[in-house]
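Here the structure comes first, spelled out in structure tokens, and everything after it is commentary.
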There are 2 protein chains.
Amino acid sequence: MVTMLDVARCAGVSKSTVSRVLNGKDVVREEVKALVYKAIAETGYRPNLLAQQLATKKSSLIGLVITNAVYNGPFFSTLVYNAAKFCEAHDHRLIFADGKQSDEEEMNAIDFLVRMKCAGVMVYARHIPAPQLAKIISESPVPIIVLNQQLAASPDHAVFIDHYRGSEIMMDYLQAQGHRRIAYIRGKMPSPSNMARQQAWQDKLVASGVDDSDALLAQGDWSMESGYRAAQALLAGGQRFSAVLAANDDMALGAIKALKEQGLAVPEAMSVAGFDNANVGRFFTPALTTLDIPIEQMIQTAVERILNTNNDPACTALCGTLVVRESVGRCASEE
Amino acid sequence: MVTMLDVARCAGVSKSTVSRVLNGKDVVREEVKALVYKAIAETGYRPNLLAQQLATKKSSLIGLVITNAVYNGPFFSTLVYNAAKFCEAHDHRLIFADGKQSDEEEMNAIDFLVRMKCAGVMVYARHIPAPQLAKIISESPVPIIVLNQQLAASPDHAVFIDHYRGSEIMMDYLQAQGHRRIAYIRGKMPSPSNMARQQAWQDKLVASGVDDSDALLAQGDWSMESGYRAAQALLAGGQRFSAVLAANDDMALGAIKALKEQGLAVPEAMSVAGFDNANVGRFFTPALTTLDIPIEQMIQTAVERILNTNNDPACTALCGTLVVRESVGRCASEE
DNA sequence: CTGAAAGCGCTAACAA
DNA sequence: TTGTTAGCGCTTTCAG
């Protein structure tokens, strides 16, 4: 392991001089500079970032904690991709810790990142309860930004999407197509996005006079497989409904599969819609009607908040935009 | 920022004692231990991992470099998910650096991770040429494992999948179904997996007497969108073919969409197959016939190689297994 | 413009 | 069993 001292000796100067030419802060004589660069090349020196960060107390890392519950969705790749992208756009690197499946693991993950002296950490939490989150935020020496979740206690530490409003938009569309009895497949609980979406669904149903919404609710776990089974369960339940709204695209896609298998053409006999605007939805037959979620903006805002380049509170009010494709049709059965 | 010294003072002991109780290595008197724990709780002390790693020269980080060219595929989530999983199974954390779109960026990413003193780094490279990679490996102070690419120069630093063999398996199946003129949609170059798959496709075609394989080749970039367009181009080309093989599932799915739009039923009028066994393929109509790639095993081997818990050279010989579903049928047209 | 020396927060001999 | 002392590799005063 070649250190700065080795380079210094090789160049016949002191450690501090080497440090200076590397950081370009102080002024160093050109000839000396050349000498140092030559020594660096000869020795194959690579600065140790741990030592550097320890000395400067500055970090080039931004942490991200995600539950692996969302690992299989398209949501995950988009999130990670954009997180990496924006971090690097600001000369930082993304460091990643798995929140696994429990609040304890999620806390561990956050703790690890904080102790790694990240400049900040983004948390896509599924298990830590809000008050606990608020406590972590207030006690943390570095900014902690909570993703996809509203935090009353510290709004500027949360970047979220208004899933309730998004779900309303979708329900309005469905109802405008004449659907009244709309079934809902929810994701695994607890999940803020699911809760909000489900609530809007129920509220809209009630507002339109459907009062047995419970009978139209099915349970999934975000996976296609679970959407497939949830749709089967719904069908088996014997309830009347003309549309199925799933809490994400994957489940919607699974549901379509199940409906088709039962001889129900989509959208002719049954309409289906999802959330997230997963890439694959466009290539399905029928192409999936969905709600596009501005993940990219959310992450960008989070990163900028961490690095203090963004103070725009408006960014927390995202709600998504409807993407109309083929999987929703007009309601056939007049009720 | 509360340091170990603060804790020591608070407990009325020395730094080393605190360090000892924290690491549990040396024996410390129970009462002193209690004192220290109390002090830790009171001060809210969190060990600084940078300092710790600098002092011990041990790291709990494993790096991963990926080109963002693969970010949108299902390949990506599986890779990252499993990488995180196996790292954590071995008490390490995954740290992530974007290889972006050039060899220079990929080298930067590797360099960063090495300088962060990772225990090792896994590289899913798309741009750095093999000889360069070999050089990096030989000069690196920590193990560098190249993913998904054969490396003649240093076989024990490469964990790859035999894509040529995998493609042969698929071609054998297609030909067994009676297909002779099989079109191929390739991914963006350069890509070792694509090159191998394409070569096997061509060799098999030639072996079966088809000598104008060039006319049956279309260019994609791994995305569904590109598969869609490639299939359109193939159709527009006016060539006869009864099956389309795409270098990955996403392109295969895109191709199916285009074929359907042209009134070609899959698999009745045209067969389609892909590679990777993306989750979504199962829920498509028709469900996609594909080749399952043992990504999980590949990553596991890589992580274990880095941590020296695996010396089994057999693990480098993975080739994947055929997953027969509905998108390939018997060739209708006798030629 | 450059070098000496102290310090970042922790660990690890070595003594006591 | 515990404290003292030197580092780990880098930055950063402070002198010169």
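Quick note on labels: first sequence line is chain A, next is B, and so on, each numbered from 1.
For the segment residues 3-12 of chain A, residues with any heavy atom less than 4.0 angstrom from an atom of DNA chain D are, sorted by number, T3(A), M4(A). Residues of residues 27-38 of chain B having a heavy atom closer than 4.0 Å to DNA chain D, listed by number: V27(B), V28(B), R29(B), V32(B). Taken residue by residue, residues 39-53 of chain B places heavy atoms nearer than 4.0 Å to DNA chain C at Y45(B), P47(B), N48(B), A51(B), Q52(B).
Regarding contacts with the backbone of dT11(D), every side-chain N or O of T56(A) stays at 4.0 angstrom or more from both OP1 and OP2. Phosphate proximity of dG3(C) to T17(A): present, with a side-chain N or O under 4.0 Å from OP1 or OP2. OP1 or OP2 of dT11(D) lies within a sub-4.0 Å distance of a side-chain N or O belonging to S19(A).
Counting any heavy atom pair closer than 4.0 Å across all strands shown, D26(A) reaches no nucleic acid atom.
Salt bridge present: D111(B) and R46(A) bring a charged side-chain N and a carboxylate O closer than 4.0 Å.
The end-to-end axis angle of the helix from dC1(C)-dG16(D) to dA16(C)-dT1(D), rounded to 10 degrees and based on five pairs per end, is 40°.
A cation-pi geometry, defined here as NZ or CZ lying under 6.0 Å from the six-membered ring centre and within 45° of its normal, holds between K85(B) and Y81(B). Taking the ring axis of F96(A) as reference, the NZ or CZ atom of R93(B) does not stay both within 45° of it and closer than 6.0 Å to the ring centre.
Between the NZ atom of K15(A) and the C1' atom of dG9(D) there is a distance of 7 Å, given to the nearest Å. Residue K57(B) contributes atom NZ, which lies 13 Å from atom C1' of dC10(C) at whole-angstrom precision. Rounded to an integer number of Å, the gap from CG of L54(A) to C1' of dT11(D) is 10 Å. Rounded to whole angstrom, the span from the NZ atom of K25(A) across to the P atom of dC10(D) amounts to 19 Å. A straight line from CG of L22(A) to C1' of dC10(D) spans 10 Å, rounded to a whole angstrom. N23(A) has its CG atom 15 Å from the P atom of dT2(C), to the nearest Å.
When atom types are taken as modelled, the side chain of E106(A) and the backbone of R126(A) share a donor-acceptor pair closer than 3.5 angstrom. Remark: the backbone N or O of I40(B) is paired with a side-chain donor or acceptor of T43(B) at under 3.5 angstrom. Checked by atom type and distance alone, the side chain of S154(B) never pairs as donor or acceptor with a backbone atom of H157(B) at under 3.5 Å. Judged by distance alone, the side chain of T67(A) and the main-chain N or O of A125(A) form no donor-acceptor pair under 3.5 Å. Judged by distance alone, with hydrogens and angles left aside, the side-chain atoms of E88(A) form a donor-acceptor pair with the main-chain N or O of D98(B) at under 3.5 Å. Formation of a donor-acceptor pair under 3.5 Å by the T301(B) side chain with backbone atoms of Q297(B) is found in this model.
The environment of CD in Q101(B) is crowded: more than 12 heavy-atom neighbours from other residues, nucleotides or ligands sit within 6.0 Å.
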Using residues 19-27 of chain B as the side-chain source, report each donor-acceptor pair under 3.5 Å to any protein atom, sequence neighbours left out, with the distance given to one decimal.
{"residue": "S19(B)", "atom": "OG", "partner": "N23(B)", "partner atom": "ND2", "Å": "3.3"}
{"residue": "N23(B)", "atom": "ND2", "partner": "S19(B)", "partner atom": "O", "Å": "3.1"}

Heteroatom pairs (N/O) under 3.5 angstrom, protein to nucleotides 13-16 of chain C:
none

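Residues V13(A) and V32(A) come closest through the heavy atom pair CG1-CG1, 3.9 Å. Closest approach of L151(B) to A130(B), counting heavy atoms only: CD1-CB, 4.2 Å. The shortest non-hydrogen separation linking M116(A) to L49(B) is SD-CB, 3.7 Å.
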Practice item. Before giving the answer on side chain to side chain contact (heavy atoms under 4.5 Å, CB included), spell out for Q53(A) and K117(A) the whole-Å C-alpha distance, their side-chain angles and the decisive distance to 0.1 Å. Key: CA-CA 8 Å; Q53(A) 290 178 30; K117(A) 300 295 158 191; 5.5 Å; no
Exercise for review: Any chance you could lay out the side-chain hydrogen bond (donor to acceptor under 3.5 Å, both in side chains) test for H163(B) and N194(B), step after step, and finish with the verdict?
Suggested key: CA-CA 8 Å; H163(B) 294 297; N194(B) 182 74; over 6 Å; no
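Which of dA6(D), dC10(D), dC8(D) sits closest to the side chain of A55(A) comes down to dC10(D).
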